[in-house]
Amino acid sequence: MSGKLFKIFIVLFVVAFLAIIMLVSPIFHVTNVEITGINKLKKENIIETLKLKGGTENIFAFNSINAKKILKANAYVKDVSIRKIIPDTLQINIKERVPRGYIQNSNAYLYIDGEGRVLETKAAKDEKLPLLVGLQFEQAVIGQILDVANKESFAVLIDLSKQLEKYSLYENISGVDISDIDNIHIFVNNDNLDVCFGKYMNADWKISAIKEILANISASYRGQLLVGDKGDDIIFVPYR
């Protein structure tokens, strides 16, 4: 064997030896998993899903691409980024989808996000989220955007969701009724106040005005709030 071939052999041998060491040495086992961005999801469930619980997964052999696919199979996971920190740490950042309301469907409740994506089905409702009324659909698939017959009402609901988020009004909203696209109702403070929103026009002005009004009235106020479509008049009509 020539000197040149011998040197190549030595280099390959060293590389192979180091590769084996990196793959089998417990120094490179994933023993520290840092997960950020989660609220609905639980860290222990994510670790178990990715089979990292035993601390025997090699950090170099860990398949980040496959791990992202596995995590995104959960309807609540919108996006994932994974970073390997040698020798033993994985940093996982998850962007969750947030439920923005629920729809009663027979004896169950469908929870959807601000895009109209079905996140899960529950037997019970969450009182902190608004009940959404008026969408027409035949079936719902978890992880997919709800396929509705009344597309215009659906589009209005999605934009309304963005406006409510913009003005931080979700905690006040108990229900939204878009059964009649020309006569939208938003129920506030546990249905004490029926905001007769009318048509979905001048929405930004209407919602900003509603926010200001809610900040200046009691949560126990019972009645209707009639909002003009031209954005020039708001009338209180108390319940008798």
Side-chain angles (χ1 to χ4, degrees), residues 75 78 95-105 109-120 125-141 143-240:
K78 185 173 185 178
K95 185 175 182 180
E96 286 188 353
R97 292 188 173 95
V98 179
R100 290 305 188 190
Y102 62 89
I103 303 168
Q104 188 168 4
N105 185 31
Y109 297 92
L110 305 176
Y111 286 73
I112 66 173
D113 69 356
E115 297 177 333
R117 189 180 305 274
V118 182
L119 300 180
E120 65 177 317
K125 60 183 179 181
D126 186 339
E127 299 295 346
K128 296 179 181 179
L129 294 172
L131 173 65
L132 309 177
V133 177
L135 293 179
Q136 302 168 9
F137 59 94
E138 293 184 357
Q139 64 177 357
V141 180
Q144 295 185 15
I145 291 177
L146 198 63
D147 185 14
V148 302
N150 48 342
K151 304 292 186 184
E152 185 178 359
S153 295
F154 190 60
V156 164
L157 183 63
I158 298 305
D159 194 74
L160 178 59
S161 173
K162 295 176 182 178
Q163 292 289 343
L164 293 175
E165 183 175 7
K166 174 182 176 181
Y167 287 99
S168 303
L169 278 175
Y170 263 106
E171 63 182 22
N172 302 97
I173 307 302
S174 52
V176 177
D177 188 344
I178 52 170
S179 301
D180 182 354
I181 198 68
D182 294 324
N183 189 24
I184 300 168
H185 289 262
I186 301 175
F187 299 94
V188 182
N189 296 335
N190 296 318
D191 295 348
N192 282 336
L193 185 64
D194 176 7
V195 179
C196 302
F197 199 84
K199 296 180 180 179
Y200 197 69
M201 57 189 298
N202 296 317
D204 191 89
W205 179 88
K206 287 183 179 181
I207 294 175
S208 64
I210 292 169
K211 179 178 176 67
E212 183 176 352
I213 290 171
L214 291 178
N216 291 282
I217 65 172
S218 170
S220 61
Y221 176 90
R222 290 178 53 80
Q224 287 185 317
L225 188 64
L226 310 180
V227 184
D229 285 333
K230 295 182 180 180
D232 55 2
D233 56 344
I234 297 179
I235 302 172
F236 286 102
V237 181
Y239 289 141
R240 296 185 182 277

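All residue numbers in this chain count up from 1 along the given sequence.
- Atoms CZ and CD, on F236 and Q224 in that order, are 12.0 Å from each other to the nearest 0.5 Å.
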Considering only distance and modelled atom types, tabulate donor-acceptor pairs under 3.5 Å from the side chains of residues 156-163, sequence neighbours left out.
residue, atom, partner, partner atom, Å
D159, OD2, Y200, OH, 2.6
S161, OG, Y170, OH, 2.5

Exercise. Run the side chain to side chain contact (heavy atoms under 4.5 Å, CB included) check on L110 and Y102 step by step: do they pass?
Worked result: CA-CA 5 Å; L110 305 176; Y102 62 89; over 6 Å; no
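- K211 places a side-chain N or O within donor-acceptor distance of the main-chain N or O of Y167, the cut-off being under 3.5 Å.
- With rounding to the nearest 0.5 angstrom, the CD1 atom of I112 is 6.5 Å from the CG atom of L146.
- Contact record, I173 with L169: CG1-O, 3.2 Å, taken as the closest heavy-atom pair.
- Scored by the salt bridge (charged side-chain N to carboxylate O under 4.0 Å, His left out) test, E152 finds no partners at all (sequence neighbours excluded).
- Take F154 and apply the ring pair (Phe, Tyr, Trp, His ring centres under 6.0 Å) test, not counting sequence neighbours, and it matches no residue.
- With sequence neighbours left out, S168 forms a side chain to side chain donor-acceptor pair (under 3.5 Å) with no residue at all.
- Contact of the V118 side chain with the I145 side chain is not registered, since no non-hydrogen atoms from C-beta on lie closer than 4.5 Å.
- Nearest heavy-atom pair, I234 versus A209, reported as atom, atom and distance to 0.1 Å: CD1-CB, 3.7 Å.
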Problem set entry | side chain to side chain contact (heavy atoms under 4.5 Å, CB included) assessment of Y111 paired with I103 | CA-CA 7 Å; Y111 286 73; I103 303 168; over 6 Å; no
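- The shortest distance between side-chain heavy atoms of D177 and I184 does not fall below 4.5 Å.
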Enumerate, atom names and distances included, each donor-acceptor pair closer than 3.5 Å involving a side-chain atom of residues 185-192, sequence neighbours excluded.
residue, atom, partner, partner atom, Å
H185, ND1, D194, OD1, 2.8
H185, ND1, D194, OD2, 3.2
H185, NE2, N183, ND2, 3.4
D191, OD1, S174, OG, 2.7
N192, OD1, R222, NH1, 3.3
N192, ND2, N189, O, 3.2
N192, ND2, A219, O, 3.1

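- Every side chain to side chain contact (heavy atoms under 4.5 Å, CB included) that D182 has, sequence neighbours left out, goes to D180, K199.
- The backbone N or O of F197 lies less than 3.5 Å from a partner atom in the side chain of K206, making a donor-acceptor pair.
- Using a 4.5 Å heavy-atom threshold, the side chains of K166 and D204 count as touching.
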For this session: Dump the intermediate steps for side chain to side chain contact (heavy atoms under 4.5 Å, CB included) on I178 and L135, then the final yes or no.
Result: CA-CA 7 Å; I178 52 170; L135 293 179; 3.6 Å; yes
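- Rounding to the nearest 0.5 Å places NZ of K95 at 4.5 Å from NZ of K78.
- We find the CD-CG distance between E138 and D147 to be 8.5 Å, quoted to the nearest 0.5 Å.
- Side-chain contact between I217 and L193 is present, with heavy atoms from C-beta onward closer than 4.5 Å.
- Nearest heavy-atom pair across G134 and S179 is CA-OG, 3.5 Å.
- Separating the CD1 atom in I213 from the CG atom in N216 is a distance of 8.5 Å, to the nearest 0.5 Å.
- Around atom NZ of K151, more than 12 heavy atoms belonging to other residues, nucleotides or ligands sit under 6.0 Å away.
- Using a 4.0 Å cut-off between charged nitrogen and carboxylate oxygen, E165 and R100 count as a salt-bridge pair.
- Formation of a donor-acceptor pair under 3.5 Å by the D113 side chain with backbone atoms of R117 is found in this model.
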